[in-house]
2 protein chains.
Amino acid sequence: MPLGRVEQRREGVREEIKQAARRLMAEHGTAGLSLRAIAREINMQPSGLYHYYGSLDELITALIVEAFNALADALEAARETAAGQSSAAQLIAVLQAYRRWAMTHPTDFQLIYGNPIPGYAAPREITVPPVIRGFSVIVGLIENLLQSGALEAVPPYDHMPPEIEARLQELIERDGYPVSARALFLGAVGWTQLHGIIMLEMFNHLQPVVGDADVFYRAQVINLLKTMGLKTAV
Amino acid sequence: MPLGRVEQRREGVREEIKQAARRLMAEHGTAGLSLRAIAREINMQPSGLYHYYGSLDELITALIVEAFNALADALEAARETAAGQSSAAQLIAVLQAYRRWAMTHPTDFQLIYGNPIPGYAAPREITVPPVIRGFSVIVGLIENLLQSGALEAVPPYDHMPPEIEARLQELIERDGYPVSARALFLGAVGWTQLHGIIMLEMFNHLQPVVGDADVFYRAQVINLLKTMGLKTAV
DNA sequence: CTATAATGTGAACAGTGTTCAAATTATAGA
DNA sequence: TCTATAATTTGAACACTGTTCACATTATAG
């Protein structure tokens with residue numbers, strides 16, 4: 001059903017608020033996210049915002065959901081751009097896009113994966129679905145590689161802990177993911193490995209050690225696929 | 001040179017302030033770190049604290065340095081406890097201790113590796129040394145494994161990017177680390193991999209996927225060592 | 001044209017970090 | 001022990017923060 005005039009206008013103001021919030025964050029970091037600053041930005045009294053968001057936390061949650069989806073969009077776009085190439089090349093492109101998005105949208109990434117706002121904890125039931133969406137892009141490509149035989153079972157990733165496998169099977173059945181437990185497992189392994197690099201790079205802990213974080217990341221993406229059993233030279 | 005009475009007393013108050021800060025953080029998270037709350041806790045006017053720390057940021061920096069050293073202590077303690085066992089067993093114990101410390105000291109860990117305080121960015125020249133200290137424990141054990149031949153060169157970790165190797169060599173010569181570039185590289189690889197798991201677990205992003213994060217972490221520690229070329233069954 | 005709902009205002013409250021002059025306390029020297 | 005000096009502590013003030021509330025304004029629908 002289409003939105004009426006009032007809902008449309010309301011949605012427009014909500015959008016204006018979010019855009020002002022993103023502008024402030026981009027300029028002053030996640031610290032710049034202040035309800036009063038947003039109100040100033042759009043020439044409104046702070047109290048007026050409460051007609052659109054019940055609290056600052058609610059606004060932050062909205063920003064987080066949008067950021068998650070933007071990240072998922074970036075991953076999907078990377079896959080599409082490399083659509084003509086092999087699944088392995090697509091996966092590499094997607095994993096590169098993951099880091100690239102994080103580095104070009106540091107405040108959004110911190111909003112998502114850090115705990116940048118004091119006293120705020122994102123509600124899981126809201127954040128988990130968009131997490132899964134981005135994760136699915138990676139897992140889907142891994143599933144392709146498994147089915148095409150490009151990714152063969154080699155130690156140590158030819159096995160996974162029984163508890164984890166049971167859990168993943170449960171997840172697949174409950175939410176109807178069109179992938180195998182093995183693909184999910186390898187996805188989780190890759191996701192956590194690369195996430196660590198990005199997190200450490202973002203807060204400047206990695207550079208003092210390895211110097212060029214970009215080179216390190218690229219190398220680890222390749223090493224990751226090799227250890228998982230990717231045969232074709234990349 | 002021993003501290004005079006006045007310096008001793010001064011240091012005592014500084015310690016009292018830090019302890020109050022830690023107490024508040026443990027109770028209310030990193031958000032609870034408020035200068036005024038600390039002042040209330042120790043029955044002092046907020047302005048009085050400025051005689052001991054130039055600002056809240058300075059206090060936070062002191063807490064971060066202590067946390068880094070506490071983490072390094074925990075890693076060293078884990079190595080000592082496993083001193084009788086093989087270097088591989090010691091390394092596993094240390095890597096387990098890394099996660100254990102993070103989970104038992106979540107606020108300290110977030111203080112270190114997150115960006116939990118709005119507008120605050122830890123000065124690198126102060127934070128890097130204690131980072132290196134903890135890192136050295138891991139790298140030292142890897143060096144032992146390399147020298148004893150327990151860790152043999154297998155693909156893909158028998159090579160590292162030339163840029164990274166050059167940088168690590170430079171680091172070794174400048175700071176006089178008694179380890180090889182290869183040990184440093186493998187250390188960085190392991191560190192980033194496991195750090196990602198811990199970060200995602202800490203903010204509850206991993207559990208919805210793999211369920212039991214403890215089992216996942218243990219498995220990944222083993223897989224890490226295996227992919228790096230550890231021969232002995234663990 | 002009017003009743004009603006939505007929207008925006010402005011003041012207030014309790015909290016935050018920080019600065020500053022003044023008052024207090026403790027130390028060191030004669 | 002008394003005093004001059006330094007260290008410490010106080011309390012008020014300033015500019016912020018999120019949030020609530022009664023009130024005024026505006027727009028919508030009947």
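Keep in mind it's a predicted model, so treat the numbers as computed, not measured. Letters A, B, ... mirror the listed sequences (proteins, then strands); counts begin at 1. Computed from heavy atoms alone, side chains included, the values below leave out hydrogens, waters and symmetry copies.
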Using distance only, find each side-chain donor-acceptor pair of residues 123-141 of chain B under 3.5 Å and give its atom names and separation, not counting sequence neighbours.
unit_1    : atom_1 : unit_2    : atom_2 : d
Thr127(B) : OG1    : Pro123(B) : O      : 3.4
Thr127(B) : OG1    : Arg124(B) : O      : 3.4
Arg133(B) : NH1    : Asn69(B)  : O      : 3.4
Arg133(B) : NH1    : Asn69(B)  : OD1    : 2.9
Arg133(B) : NH2    : Asp73(B)  : OD1    : 2.6
Arg133(B) : NH2    : Glu76(B)  : OE1    : 3.2
Ser136(B) : OG     : Ile132(B) : O      : 2.7

Throw together a table of side-chain donor-acceptor distances under 3.5 angstrom for residues 216-225 of chain A, partners on residues two or more places apart or in other chains.
unit_1    : atom_1 : unit_2    : atom_2 : d
Tyr217(A) : OH     : Leu95(A)  : O      : 2.6
Gln220(A) : OE1    : Asn223(A) : ND2    : 3.0
Asn223(A) : ND2    : Ala219(A) : O      : 3.4

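Put simply, CG on Asp108(B) and OG1 on Thr30(B) are 10.5 Å apart, with the number rounded to the nearest 0.5 Å.
The list of side-chain hydrogen bond (donor to acceptor under 3.5 Å, both in side chains) pairs with a residue in residues 201-211 of chain A, not counting sequence neighbours, reads Arg99(A)-Glu201(A).
Rounded to whole angstrom, the span from the CZ atom of Arg9(A) across to the P atom of dT26(D) amounts to 12 Å. Between the P atom of dT17(D) and the NE2 atom of His28(A) lies a distance of 11 Å, rounded to the nearest Å. Rounded to whole Å, the distance from OH on Tyr52(A) to C1' on dA6(C) is 8 Å.
Across all strands shown, dG11(D) forms a Watson-Crick or G-U wobble pair with dC20(C), both key distances being under 3.5 Å.
Applying the ring-ring contact (aromatic ring centres under 6.0 Å, His included) rule to Phe203(B) yields no partners; only residues at least two apart in sequence or on another chain are considered. Every residue two or more places apart in sequence or in another chain was checked for a side-chain hydrogen bond (donor to acceptor under 3.5 Å, both in side chains) with Asp212(A), and none qualifies.
Closest contact between the side chain of Tyr50(A) and the listed nucleotides dG8(C), dT8(D), dG18(D) involves dG18(D).
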Please enumerate all protein N or O atoms sitting under 3.5 Å from an N or O of nucleotides 9-11 of chain C, with distances to 0.1 Å.
unit_1  : atom_1 : unit_2   : atom_2 : d
dT9(C)  : OP2    : Gln45(A) : N      : 3.2
dG10(C) : OP2    : Gln45(A) : NE2    : 3.2
dG10(C) : O6     : Ser47(A) : OG     : 2.5

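Contact annotation: Arg40(A) does not reach the phosphate of dC16(D) (side-chain N/O to OP1 or OP2, under 4.0 Å).
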